[in-house]
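Following: one structure in C-alpha cells, then a few remarks.
Atom set for the values below is all heavy atoms of this structure, side chains included, hydrogens, waters and symmetry mates excluded. Sequence lines set the chain letters: A, B, ... in the order given, protein chains first and strands last, and positions in each chain run from 1.
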There are 2 protein chains.
Amino acid sequence: MLSKKTKYAIKALVMLGKNMDQPPMQIARIAEDERIPKKFLEQILLDLRNAGYLYSKKGAGGGYSLNKDPKDIFLVDILRITDGPIAMVPCASIKFYHKCEECHDEVTCGIRKAFIEVRDASLKVLGETSVADIINKEKTPISVV
Amino acid sequence: MLSKKTKYAIKALVMLGKNMDQPPMQIARIAEDERIPKKFLEQILLDLRNAGYLYSKKGAGGGYSLNKDPKDIFLVDILRITDGPIAMVPCASIKFYHKCEECHDEVTCGIRKAFIEVRDASLKVLGETSVADIINKEKTPISVV
DNA sequence: TTAATAGACTACTAAATCTATATACTTTAT
DNA sequence: ATAAAGTATATAGATTTAGTAGTCTATTAA
C-alpha cells in the first residue's frame with residue numbers, strides 16, 4: 001500500500017499540474033482542497049522541491065508551482081522520493097537494492113526472480129504514467145474496474 | 001515491500017513444495033533451514049493451513065505438508081493471506097476494497113485509475129507465478145536483473 | 001498408560017514506522 | 001515594520017510488524 005505521504009504527494013502534484021499558468025499556489029490552499037494536514041503537506045512538498053520537482057517562493061504572494069512539465073513527472077519518480085523502492089523485496093530493487101539477510105544464495109533465489117518480474121510489470125506502468133496522464137484520466141468519467 | 005511474514009510464508013511453501021513425496025516436515029526444521037524465528041513461523045503456517053494450503057499433523061512424526069499441488073499455489077494467493085491487498089491504494093483493491101477517506105469523487109479520480117492499471121500489471125505476474133514456478137527458477141542459475 | 005513429540009491457540013511485548021503537530025527561523029512583498 | 005509564506009528540525013502519538021511466552025490438544029510409541 002502507498003503511504004499517505006505518497007498519496008498526498010501525488011494529489012498535490014496533480015493539483016499543481018492543473019494550475020500551470022496561474023501564480024504559485026499556497027500550501028494552505030492545497031491542504032484544504034485535498035483534505036491534507038497542512039503541516040504534513042509542508043514536509044512532503046519540501047521533499048518534492050528538494051528533489052527538483054517543485055519551485056517554491058517565500059513571502060507574500062509566494063507558494064508552490066511545478067518545476068517540470070506535468071508530462072515529465074512520472075509516478076515512479078514520486079514513489080521513489082516518498083516511499084522508496086518499487087520492488088517488493090529489497091534484493092529485487094533497482095534504486096534501493098540490498099541483500100535479504102536470511103537469503104542463502106541470491107543468484108539462484110527463485111523468489112527474487114519472481115519478484116523481479118513483478119517489479120518490471122509495475123515499473124512499466126509507473127514509469128509510463130505521468131501527472132499529465134492522471135489529469136487526463138480525470139476528464140474521462142468512465143471507470144473500468 | 002513484502003512483510004517478513006509473507007516472505008517467510010513463501011519460503012516455507014517453496015521448501016514444502018520440494019518435499020512433496022516425503023513425510024511431513026516439522027516447523028523447527030523449516031525454521032532452521034530458512035533462518036526464520038520458529039514461533040513466528042508457527043503462526044504463519046497456521047494461517048496458511050487455515051486457508052487450506054497446508055496439511056498438518058500433530059504429535060510424534062507429525063509436521064506440515066502441502067495440501068495442494070505446487071502448480072496450483074500462486075503468489076497472489078499467498079500475498080492475500082499474509083499481506084492483504086495487492087493494489088497500492090484501497091480504492092483500487094479487488095479483495096480488500098474500501099474508499100479513501102479524503103477522496104472527493106472516486107469515479108473520476110485519475111489516481112485511482114492509474115493504480116488500477118498498476119494493480120492489473122502486478123496481478124498478472126503474481127497470478128501466473130506458482131510455487132512450482134519458483135522452484136523451477138532455482139534450477140536455472142542465470143540471473144537477469 | 002505414560003512420556004515424548006509436535007502442532008494449536010491466545011496473549012503479550014518490543015521495535016519500527018508512519019502520521020501528525022509544534023516551534024522557531026528565514027525570506028519576500030507591501 | 002509587518003504580515004505572508006516557505007524552511008527546518010524536533011517530537012509526540014498511533015499503528016503495524018516482528019517476535020516471544022505459555023498453555024492446551026493430539027499423536028505416537030515404549
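A ring-ring contact (aromatic ring centres under 6.0 Å, His included) check over residues 2-44 of chain A, counting only residues at least two apart or in different chains, returns the pairs A/Tyr8-A/Phe40. Among residue pairs with one or both ends in residues 67-98 of chain B, none qualify as ring-ring contact (aromatic ring centres under 6.0 Å, His included); sequence neighbours excluded.
Taken residue by residue, residues 47-61 of chain B places heavy atoms nearer than 4.0 Å to DNA chain D at B/Lys57, B/Lys58, B/Gly59, B/Ala60. Looking at residues 16-32 of chain B, you'll see that no heavy atom sits under 4.0 Å from any atom of DNA chain D.
Take A/Asp105 and apply the side chain to side chain contact (heavy atoms under 4.5 Å, CB included) test, not counting sequence neighbours, and it matches A/Val107, A/Thr108. Judged as a side chain to side chain contact (heavy atoms under 4.5 Å, CB included), and not counting sequence neighbours, the contacts of A/Arg35 are B/Glu102, B/His104. For the side chain to side chain contact (heavy atoms under 4.5 Å, CB included) test, residues two or more places apart in sequence or in another chain that qualify with A/Asp69 are A/Lys71, A/Asp72. Residues passing the side chain to side chain contact (heavy atoms under 4.5 Å, CB included) test with A/Tyr53 are A/Ala51, A/Lys68, A/Ile73, A/Asp77, A/Ile81, sequence neighbours excluded. Applying the side-chain hydrogen bond (donor to acceptor under 3.5 Å, both in side chains) rule to A/Lys4 yields no partners; only residues at least two apart in sequence or on another chain are considered.
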Annotated protein contacts, base or backbone, on nucleotides 12-23 of chain C with a non-hydrogen cut-off under 4.0 Å, one of B, S, - each: -------SBBBB
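Judged purely by atom type and a 3.5 angstrom limit, B/Arg119 uses its side chain to pair as donor or acceptor with the backbone of B/Ala92.
A 4.0 Å heavy-atom criterion places the boundary nucleotides of DNA chain D facing chain B at D/dA18 to D/dT28, written 5' to 3'.
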Worked verdict on B/Tyr64 versus B/Ile27 for side chain to side chain contact (heavy atoms under 4.5 Å, CB included): CA-CA 7 Å; B/Tyr64 274 100; B/Ile27 296 176; 3.7 Å; yes
Side chain to side chain contact (heavy atoms under 4.5 Å, CB included) evaluation trace for B/Gln43 with B/Leu46: CA-CA 5 Å; B/Gln43 294 172 359; B/Leu46 245 197; 5.5 Å; no
Distance-only donor-acceptor hits, side chain of residues 128-135 of chain A, under 3.5 Å, sequence neighbours excluded:
from     : atom 1 : to       : atom 2 : distance (Å)
A/Glu128 : OE2    : A/Lys124 : NZ     : 3.0
A/Thr129 : OG1    : A/Val125 : O      : 2.8
A/Ser130 : OG     : A/Ala132 : N      : 3.3
A/Ser130 : OG     : A/Asp133 : N      : 3.1
A/Ser130 : OG     : A/Asp133 : OD2    : 3.2
A/Asp133 : OD2    : A/Ser130 : N      : 2.9

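Ion pairing between a basic and an acidic side chain is recognised when a charged N comes within 4.0 Å of a carboxylate O; B/Glu138 and B/Lys18 show such pairing.
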